[in-house]
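Data first, discussion second: the structure below is written as structure tokens.
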Amino acid sequence: EKGGYKHFMHKEIWEQPRAIADTLRGRMLLSEGDVHFDTWNLAAEQVKSFTKVTILACGTSWHSGVAGKHMIESLARLPVEVELASEFRYRDPIVEKSHLVIAISQSGETADTLGAFKEAKRLGAHTLAICNVIGSAMTRESDLHILTNAGPEIGVASTKAFTTQLVTLYLLAVKLGRMRGTLSVEAAQEHLTQLTQVPKMIEDVLKCEPQVKRVAREFMNAQDFLFLGRGPMHPVALEGALKLKEISYIHAEGYAGGEMKHGPIALIDEKMPVVVLAPKHPHVAYEKIIGNIEEVRARGGKVIAVIDEDDAQADSLADHVIRIPAASALLAPVVATIPLQLLAYHVAEMRGNDVDQPRNLAKSVTVE
Ligand code: M6R
């Protein structure tokens, strides 16, 4: 059932164009500039009355929440707080009836997320679950649920669940923006048009695998990795580091580029590979991230830069480049995640690790 792949994770990485197409199917109303979710039950008045969104999640799903914050704030102009579900319910959180609380979970069963979600509901918030598993606890506990439609994810390291969460959050941001009147029909149409291109873009970016494998071979024995990204690329950096940790057992940290000078720069020496997410957008502070590349190089660190395919400037600065198709600032996280998944996969595979069943980890963390 691995369809010719050695591991489920590899298969699931390659399934992403199909998974994302399934997430989008039937939901984009291009001519109306609107989004249709068949479960949707919120009236415009209610959506307009929301004063805040709180996102609850763990692990990879928390990373998609951080990216979702950028999407919802930018398109629906609602303030979004992203909380680690494991912290939320032990700290007397502020929850009001005017808050929309979103739980994001592949399994829909994660104990911390479910517990926090129930607490938010008890305190009177309106609850929305974004899950991959139909009929899971969170979909049953919520006022409203939206499925990510990635299909079953077997590998413990989450891949297609993450990218389909990102796309679902993007659709949700467009929907909220339209209902709140912060997004015009034309602007929504533009966002939806971009979304239709994502499956093809993922197909294209998967072609970087041979290049990623070369990078994996060179750095498979590194002891530490740093991942840097700014704005919407920050959660991608966090996700790249988590993937590598989980399956290769190499220590890795994800940082917002601007934080480098405030500590992690002390770690950089000639043994330290630094993966820099540098698609060319003002929203991801391209010029500043180029500055980060120069700072790493000046200290002898090895830069692996993920860049737009036509970017000659970053190309000339980095030790290795991985080229990705140019995408809008809010979609670049989906595209840039793919080479990081492949990097983690190939490093782990070259180290002979059990990729689908990494040590100490469970697919679904149903105890606290
Ligand atoms: O099923 P969930 O999305 O609620 O799971 C949350 C985390 O346990 C999960 O994302 C975990 O971090 C993965 N192993 C990441 O690859």
Side-chain angles (χ1 to χ4, degrees), residues 7-13 15-16 19 23 55-68 82-89 101-118 120 127-142 145-169 227 235-250 252-254 333 337-338 340-345 347-348 353-368:
H7 297 102
F8 281 108
M9 180 185 179
H10 200 204
K11 173 173 176 263
E12 288 160 4
I13 290 173
E15 264 171 18
Q16 288 173 108
T23 306
I55 296 180
L56 304 172
C58 302
T60 286
S61 296
W62 186 80
H63 297 155
S64 76
V66 178
V82 192
E83 300 247 4
L84 294 167
S86 53
E87 295 287 326
F88 179 79
R89 79 187 143 131
V101 172
I102 305 176
I104 307 176
S105 173
Q106 188 285 129
S107 60
E109 304 288 348
T110 300
D112 281 317
T113 311
L114 184 59
F117 198 46
K118 283 184 180 164
T127 55
L128 159 60
I130 297 178
C131 298
N132 193 42
V133 179
I134 307 172
S136 56
M138 277 175 233
T139 63
R140 286 182 272 114
E141 289 291 337
S142 58
H145 70 270
I146 300 174
L147 294 171
T148 46
N149 294 341
E153 191 181 63
I154 313 289
V156 166
S158 186
T159 52
K160 62 177 181 170
F162 178 67
T163 49
T164 55
Q165 284 167 351
L166 294 178
V167 166
T168 304
L169 285 160
F227 290 75
V236 179
L238 299 175
E239 174 62 6
L242 178 65
K243 267 326 56 118
L244 193 70
K245 274 184 271 210
E246 286 191 292
I247 58 171
S248 76
Y249 316 138
I250 295 175
E253 302 221 33
T337 294
I338 310 297
L340 307 193
Q341 295 171 341
L342 288 168
L343 179 65
Y345 173 75
V347 169
N353 295 352
D354 186 348
V355 171
D356 286 332
Q357 297 284 327
R359 67 186 186 203
N360 308 339
L361 294 175
K363 179 66 188 161
S364 188
V365 184
T366 51
V367 290
E368 278 184 51

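Each ligand, and each atom within it, is numbered from 1 in the order the structure gives.
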| said: Using a 4.0 Å heavy-atom cut-off, which part of E109 comes near ligand 1: side chain, backbone, both, or neither? | reply: neither
| Going by the atom numbers of ligand 1, which of them fall below 4.0 Å from some non-hydrogen atom of S105? | 1 (O), 2 (P), 3 (O), 4 (O)
| request: Nearest 0.5 Å please: distance from the SG atom of C131 over to the CD atom of E141. | output: 11.0 Å
| field | A157 neighbourhood, listing ligand 1 atoms whose heavy-atom distance to it stays under 4.0 Å | value | 16 (O)
| field | Rounded distance (nearest 0.5 Å) linking atom CZ of F162 with atom CG of L340 | value | 9.5 Å
| message | Can you tell me which residue among Q165, K160, Q106 is in a side chain to side chain donor-acceptor pair (under 3.5 Å) with N132? | response | Q106
| request: Check each of K245, H63, Q341, E246 against atom 11 (C) of ligand 1 and report the one with the nearest heavy atom. | output: E246
| Contacting atoms of ligand 1, where contact means under 4.0 angstrom from a heavy atom of K243 | 15 (C), 16 (O)
| Protein contact of atom 6 (C) of ligand 1 - nearest heavy atom, named by residue and atom, plus distance | C58 O, 3.4 Å
| request: Compute the minimum heavy-atom distance from L361 to ligand 1 and say whether it is under 4.0 Å. | output: no
| task | State whether the shortest distance between N or O atoms of Q165 and N or O atoms of ligand 1 falls below 3.5 angstrom. | result | no
| task | Decide whether the shortest distance between a heavy atom of S364 and an atom of ligand 1 is less than 4.0 Å. | result | no
| field | Within-cut-off N or O pair, T110 and ligand 1, under 3.5 Å | value | yes
| remark: E253 meets the salt bridge (Lys or Arg N to Asp or Glu O under 4.0 Å) criterion, sequence neighbours left out, with none
| Of all residues at least two apart in sequence or in a different chain, which pass the ring pair (Phe, Tyr, Trp, His ring centres under 6.0 Å) check with H7? | Y345
| message | For the CE atom of M138 and the OG atom of S107, what is their distance to the nearest 0.5 Å? | response | 5.5 Å
| message | Can you tell me how far apart CD1 (I130) and OG1 (T148) are? Round to the nearest 0.5 Å. | response | 8.5 Å
| query | What distance separates L56 CG from T113 OG1, expressed to the nearest 0.5 Å? | reply | 7.5 Å
| task | Compute the shortest N/O to N/O distance between V156 and ligand 1 and return yes if it is under 3.5 Å, no if not. | result | yes
| request: Measure the CG-OG1 distance between L342 and T337 for me, rounded to the nearest 0.5 Å. | output: 11.0 Å
| query | Taking N or O atoms only and a 3.5 Å limit, does T60 qualify as a polar contact for ligand 1? | reply | yes
| request: Note the single closest protein heavy atom to atom 1 (O) of ligand 1, along with its residue, its atom name and the distance in Å. | output: S107 OG, 2.7 Å
| query | Which ligand 1 atoms does S61 reach within 4.0 Å, using its non-hydrogen atoms? | reply | 2 (P), 3 (O), 10 (O)
| note | The single option from H10, K243, E239, Q16 that satisfies side chain to side chain donor-acceptor pair (under 3.5 Å) with Q341 is Q16
| Looking at atom 8 (O) of ligand 1, what's its closest protein heavy atom, distance included? | V365 CG2, 4.0 Å
